[in-house]
Amino acid sequence: MSIRPILPSDMAALRIFFASLSRETRRLRFHAPIGELSEHILREFTANPAHVAFVAEVHDSAVDPPTTLVAEARFVRGADSESAEFALVVADNWRRIGLGTKLTRIMAQRARFTGVRRLSGDVLDDNKAMRGFAHSLGARLSRAIGCVRLSLEV
Ligand SMILES: CC(C)(COP(=O)(O)OP(=O)(O)OC[C@H]1O[C@@H](n2cnc3c(N)ncnc32)[C@H](O)[C@@H]1OP(=O)(O)O)[C@@H](O)C(=O)NCCC(=O)NCCS
């Protein structure tokens, strides 16, 4: 497995990745019961320079396509230049092996490098995995309207 910055050429792979997630995982990631991602969002996610994004991919020459994305993580810097909004998702079959932690560490390192001090994100109330994950990162959780606000000092 390798982790690298996302590229504009990842649009098709990212579409396949999001389509492969369970409906529940897409709901938790996007806070809505979405099906496929639109072309517009896929372009934003792969080619908008305001998004700093990383993907994890696995390679198997016996399958077509040989490369499959199994996780993605991103942050977008806010108007307050010291903070950025972040989100991540790990494929259902690739959980609990430290991938989310690794991606978050890489994001935090990049964020720090660009002058961001805090990564924040909204987490749905019923997202137990993300709450546990936040706890393991030492992130701060605070109540917001209809969700929990996660804040990670980098
Ligand atoms: C939350 C998420 C990113 C965690 O990814 P992951 O790669 O499985 O996380 P890690 O393997 O790095 O887990 C690190 C620690 O987080 C905690 N954790 C992770 N998943 C957990 C769960 N389901 N329940 C409780 N704690 C959990 C554990 O302490 C874990 O350490 P351990 O496995 O040694 O016990 C993943 O579950 C996911 O993609 N969820 C759906 C998308 C989502 O909700 N995104 C958030 C909105 S942006």
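Remember, it's 1-based here, ligands and their atoms both numbered in the order they're listed. Here the structure is a predicted model, which is why all the values come from computation and not from measurement.
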*Asks:* Below the 3.5 angstrom mark, is there an N/O of Gly100, backbone or side chain, next to an N/O of ligand 1?
*Replies:* yes
*Asks:* Is there at least one pair of N or O atoms, one from Thr101 and one from ligand 1, spaced under 3.5 Å apart?
*Replies:*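 Yes; the residue has a nitrogen or oxygen that sits under 3.5 Å from a nitrogen or oxygen of the ligand.
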*Asks:* Show me the pairs that pass side chain to side chain donor-acceptor pair (under 3.5 Å) and involve residues 132-146, at least two apart or across chains.
*Replies:*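 Matches after skipping sequence neighbours: Asp125-Arg143.
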*Asks:* What are the atoms of ligand 1, with element, lying closer than 4.0 Å to any heavy atom of Ala87?
*Replies:* 48 (S)
*Asks:* Tell me which protein heavy atom sits closest to atom 11 (O) of ligand 1, plus the residue, atom name and distance to 0.1 Å.
*Replies:*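 Minimum-distance protein heavy atom for atom 11 (O) of ligand 1 reads Gly98 N, 2.8 Å.
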*Asks:* Among all protein heavy atoms, pick out the one at the shortest distance from atom 3 (C) of ligand 1; state its residue, atom name and that distance to 0.1 Å.
*Replies:* Leu88 CG, 3.8 Å
*Asks:* Looking at non-hydrogen atoms alone, which of Ala129, Gly132, Ala134, Cys147 comes nearest to atom 23 (N) of ligand 1?
*Replies:* Ala129
*Asks:* When you look at CD of Glu153, are more than 12 heavy atoms from neighbouring residues, nucleotides or ligands closer to it than 6.0 Å?
*Replies:*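 Count over threshold, so yes.
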*Asks:* Just going by heavy-atom distances, which of Lys102, Lys128, Met130, Arg95 is nearest to atom 41 (C) of ligand 1?
*Replies:* Arg95
*Asks:* Using side chain to side chain contact (heavy atoms under 4.5 Å, CB included), reason through Leu21 and Val89 one step at a time and then give a plain yes or no.
*Replies:* CA-CA 9 Å; Leu21 299 173; Val89 61; 3.9 Å; yes
*Asks:* Short check: is a protein heavy atom less than 4.0 Å from atom 32 (P) of ligand 1?
*Replies:*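 Within 4.0 Å: yes, protein heavy atom nearby.
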*Asks:* Within the structure, does Val89 bring an N/O atom to less than 3.5 angstrom of an N/O atom in ligand 1?
*Replies:* no
*Asks:* I'd like to know if Glu39 and Arg15 make a salt bridge, using a cut-off of under 4.0 Å between side-chain N and carboxylate O.
*Replies:*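 A salt bridge links Glu39 with Arg15.
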*Asks:* Work out whether the distance between some heavy atom of Val123 and some atom of ligand 1 is less than 4.0 Å.
*Replies:*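 Heavy atoms of Val123 never come under 4.0 Å of ligand 1.
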*Asks:* To which protein heavy atom is atom 47 (C) of ligand 1 closest, and what is the distance rounded to 0.1 Å?
*Replies:*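 Going atom by atom, the protein heavy atom closest to atom 47 (C) of ligand 1 ends up being Leu28 O, 3.6 Å.
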*Asks:* Between the side chains of Glu85 and Arg149, is the shortest nitrogen-to-carboxylate-oxygen separation below 4.0 Å, so that they form an ion pair?
*Replies:* yes
*Asks:* Can Glu57 and Arg4 be counted as an ion pair, charged N to O under 4.0 angstrom?
*Replies:*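 Salt bridge between Glu57 and Arg4, a charged N being under 4.0 Å from a carboxylate O: yes.
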*Asks:* Specify whether Phe30 and Phe45 have parallel, tilted or perpendicular ring planes, treating 30° as the upper limit for parallel and 60° as the lower limit for perpendicular.
*Replies:*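 Geometry flag for Phe45 against Phe30: parallel rings.
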*Asks:* Starting from atom 29 (O) of ligand 1, locate the nearest protein heavy atom and write down its residue, its atom name and how far away it is, to 0.1 Å.
*Replies:*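 Residue, atom and distance for the closest contact: Ser136 CB, 3.6 Å.
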*Asks:* Please confirm whether the backbone N or O of Ala32 pairs with a side-chain atom of Arg27, one donor and one acceptor, at under 3.5 Å?
*Replies:* no
*Asks:* Who's the nearest protein heavy-atom neighbour of atom 4 (C) of ligand 1, and how far?
*Replies:* Phe133 CD1, 3.9 Å
*Asks:* Has the side chain of Arg23 got a donor or acceptor atom that lies under 3.5 Å from a matching backbone atom of Pro33?
*Replies:*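 It does not hold such a pair.
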*Asks:* Tell me which one of Glu24, Glu72, Arg96, Glu85 gets a heavy atom nearest to atom 35 (O) of ligand 1.
*Replies:*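 Closest candidate by heavy-atom distance is Arg96.
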*Asks:* Among protein heavy atoms, which lies nearest atom 44 (O) of ligand 1, and at what distance?
*Replies:* Asn127 ND2, 2.7 Å
*Asks:* Quick one: does Val90 get an N or O within less than 3.5 Å of an N or O on ligand 1?
*Replies:* yes
*Asks:* Taking Asn127 for the side chain and Met130 for the main chain, is one N or O donor matched with an acceptor at less than 3.5 Å?
*Replies:* yes
